[in-house]
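Worksheet: the structure to be examined is printed underneath.
The figures here come from the full heavy-atom set of this structure, side chains too, leaving out hydrogens, waters and symmetry mates.
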Amino acid sequence: MKLVTFCQGDEQRVGVITSDGEAVIDLQAAALHFADEQPDMLASTMAMLQAGDEAFDLARDLARETEAERDSTSIISICDVKLLSPVPRPGSIRDCLAFERHLIQATRTIASWKAPTLVFLDRNMERLFGKGFLRPPSVWYERPIYYKGNPNSVVGHDADVRWPSFSKRLDFELEFGVFIGKSGRNIPASKASEHIAGYSLFNDFSARDTQAAEMAGRLGPAKSKDFDTGNSIGPWLVTPDEVPDEIILRARVNGEEWSCGSSSEMHFSFAEIIEYISRDETLFPGDFIGSGTVPGGCGLELDRWLKPGDVVELEADVLGVLRNRVID
């Protein structure tokens, strides 16, 4: 099931994408049509996450009945709605750094600006011995590293992303993540799947020049990730039963493919990440956890940079296309 939050006019509603991907089923309208009621648990995606399996089972039943009957009062063309983030205001955002090769390649780009010979030697060492010396510190291999983002800066599909005035190097990040659907504390990895409600694409826009400066202070990232419209999530929440073990992700800028990566390279699985994050800390329905950038999935790794007016699209099978335009 693909769950969305959408707008017609100023009203936010929750819906399910039809099996052909061409329309949205308005769940409240469907409930009114089939059961003559509008349950509170279908008022929003957050309400559904808090209600748990009961709400998701009801949504599936309503979607199935609506498509079977072709109830025109509940089906809206996807062209006639605005898609927000599936959870417009997540309870929290934690973004991880789970891909080793992303960190290595980003480090090489930064090193190449001042010491290109060092990068040449590192690449040759990797080719000859399987590992270079510009590798993550040992602590990275011991635990999933993450930072906390701002839930109030979240936007969705086709939203404009405003270039922060304090930066000259804005970057996209090709990521995906999970929404928590069941509260838990000290969750073992073996039980973590029970707490995942669904998956979404995630574009963690980053002011790289600011990030480089502030992380020299040995804390961060901070302001480089904190600006209005800087976190794009969407276009929908896909329930785990529809998500394959390996996800192939792509990023395009103005229609040109810049990046292609695979979820299979994650050093830590979401189960391990959830186990670590939930140590003596409760996770709640609606919390969002990002994977971190897939290898090759940002301009920093490629040393290619966005400019105002660029359109960035992230795409993955099942997870859809998340498109945003960067405006000055």
Any sub-3.5 Å donor-acceptor pair from [X]'s side-chain atoms to [Y]'s backbone N or O?
X	Y	result
Ser206	Asp204	yes
Ser259	Ala251	no
Glu265	Pro295	no
Thr18	Ala23	yes
Asn324	Ala159	yes
Glu275	Pro188	no
Glu65	Phe34	no
Glu214	Gly220	no
Ser153	Asn150	yes
Glu301	Gly296	yes

Distance only, no hydrogens: is a donor on one side chain within 3.5 Å (strictly under) of an acceptor on the other, for [X] and [Y]?
X	Y	value
Gln211	Arg208	yes
Glu242	Tyr199	no
Gln12	Ser44	no
Asp209	Ser167	yes
His102	Glu173	no

Check residues 48-61 and write down every donor-acceptor pair under 3.5 Å in which the side-chain atom is one partner and the other belongs to a residue at least two apart or another chain.
unit_1 : atom_1 : unit_2 : atom_2 : d
Asp61  : OD1    : Arg64  : NH2    : 2.4

I'd like to know if Glu100 and Arg135 make a salt bridge, using a cut-off of under 4.0 Å between side-chain N and carboxylate O.
yes
Tell me whether Asp226 is salt-bridged to Lys223, with the criterion being a basic N under 4.0 Å from an acidic carboxylate O.
no
Is the ring pair His267/Trp140 parallel, tilted or perpendicular, if the boundaries are 30 and 60 degrees?
tilted
Do Asp287 and Ser92 pass the side-chain hydrogen bond (donor to acceptor under 3.5 Å, both in side chains) test, and can you show the C-alpha distance, the side-chain angles, and the key distance before you say yes or no?
CA-CA 5 Å; Asp287 287 348; Ser92 68; 3.1 Å; yes
Do you know which of Phe179, Phe6, Phe288 makes side chain to side chain contact (heavy atoms under 4.5 Å, CB included) with Pro86?
Phe179
Identify which one of Val243, Val294, Ile247, Asp245 satisfies the side chain to side chain contact (heavy atoms under 4.5 Å, CB included) criterion when paired with Ser263.
Ile247
Within this structure, what is the [atom1]-[atom2] distance for the pair [X] and [Y], rounded to the nearest 0.5 Å?
X	Y	atom1	atom2	result
Leu201	Leu237	CG	CG	11.5 Å
Trp236	Leu84	CH2	CG	14.0 Å
His195	Ile274	NE2	CD1	8.0 Å
Met1	Ile17	CE	CD1	11.5 Å
Glu175	Cys298	CD	SG	9.0 Å

Acceptor/donor pairs from residues 112-121 side chains to any protein atom, 3.5 angstrom cut, sequence neighbours excluded:
unit_1 : atom_1 : unit_2 : atom_2 : d
Ser112 : OG     : Thr109 : O      : 2.6
Trp113 : NE1    : Asp303 : OD2    : 3.4

[X], [atom1] atom: more than 12 neighbouring heavy atoms under 6.0 Å:
X	atom1	answer
Phe133	CZ	yes
Asp80	CG	yes
Leu128	CG	yes

For residues Phe176 and Phe202, establish whether the separation of their ring centroids is below 6.0 Å.
no
Any residue meeting side chain to side chain donor-acceptor pair (under 3.5 Å) with Arg325, in chain and number order, not counting sequence neighbours:
Asp160
Looking only at heavy atoms, what is the nearest atom pair of Pro144 and Tyr276, with distance?
O-CE2, 3.4 Å
Do you know which two heavy atoms are closest between Glu272 and Ser269, and how far apart they sit?
OE1-N, 2.9 Å
